[in-house]
Amino acid sequence: AYGLGGETEEMDVDDRDIGRIVGRGGCNIRDLQEGTKCKIITPNKRGDNDDPSLRKVIIQGTKEQIARCKEAINGVLMGEEPKDVLAQLDGAVLIKTIEP
């Protein structure tokens, strides 16, 4: 199970970007949870007082896992693939060149 670190943080995400975090058939959120060991909860409903253009994403795990998860989510929101972002966070240098 993910999110066993005891910490919980919220992250405001643009309503239109929730789909990017979840991914097709949940593939992105699965990769993010696997790669960070955090539990990521994307509420379907918003509270009455919540900004309608923002959704609160709830991240559970250790402080370190949550910090890493937020960075990974930010990368995904900028259009990266979760696995690429996680590799970069792990110090891998991604070289996107095509050999001639």
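Nearest approach of P43 to I58, heavy atoms of both residues: CG-CD1, 4.4 Å. The nearest pair of heavy atoms linking C38 to G61 is SG-CA, 4.4 Å. Counting all heavy atoms, side chain and backbone alike, R20 lies closest to V76 at O-CG1, 3.5 Å. Closest of all the heavy-atom pairs between D31 and P82 is CB-CB, 3.7 Å.
Two residues are said to be in side-chain contact when any heavy atoms from C-beta on lie closer than 4.5 Å; T62 and Q65 meet this criterion.
Linking ILVMFWY side-chain heavy atoms closer than 4.5 Å, directly or via other members, places I66 and L77 in a single hydrophobic cluster. Under the 4.5 Å side-chain heavy-atom criterion for ILVMFWY residues, no single connected hydrophobic cluster contains both I40 and Y2.
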(message) Run the side chain to side chain contact (heavy atoms under 4.5 Å, CB included) test on I73 and L32 for me, step by step, so that the C-alpha distance in whole Å, both residues' side-chain angles and the decisive distance to 0.1 Å come before the verdict.
(response) CA-CA 8 Å; I73 287 173; L32 286 166; 4.1 Å; yes
Derivation and outcome, side chain to side chain contact (heavy atoms under 4.5 Å, CB included), residues K39 and I59:
CA-CA 6 Å; K39 182 162 182 62; I59 305 167; over 6 Å; no
ask   = Should I21 and V13 be marked as a side chain to side chain contact (heavy atoms under 4.5 Å, CB included) after you check the CA-CA gap, both sets of side-chain angles, and the distance that decides it?
value = CA-CA 9 Å; I21 295 172; V13 175; 3.7 Å; yes
Quiz item: Would E9 and K70 satisfy side chain to side chain contact (heavy atoms under 4.5 Å, CB included), going step by step from the backbone distance to the final call?
Solution: CA-CA 10 Å; E9 281 193 37; K70 285 180 158 181; 2.5 Å; yes
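K83 NZ to E34 CD: the interatomic distance, rounded to the nearest 0.5 Å, is 6.5 Å. For the atom pair OG of S53 and CG of D15, the computed distance is 7.5 Å after rounding to the nearest 0.5 Å. Distance check, rounded to the nearest 0.5 Å: CG of L86 to CD of E71 gives 10.5 Å. The line from CZ of R55 to CE of M11 is 14.0 Å long, rounded to the nearest 0.5 Å. Summarising the geometry, atom CD1 belonging to I41 is positioned 8.5 Å from atom CD belonging to Q33; distances are rounded to the nearest 0.5 Å. Taking CG of D14 as the start and CD1 of I18 as the end, the distance is 8.5 Å to the nearest 0.5 Å.
Comment: K56 engages D12 in a salt bridge, judged by a side-chain N to carboxylate O separation of less than 4.0 angstrom.
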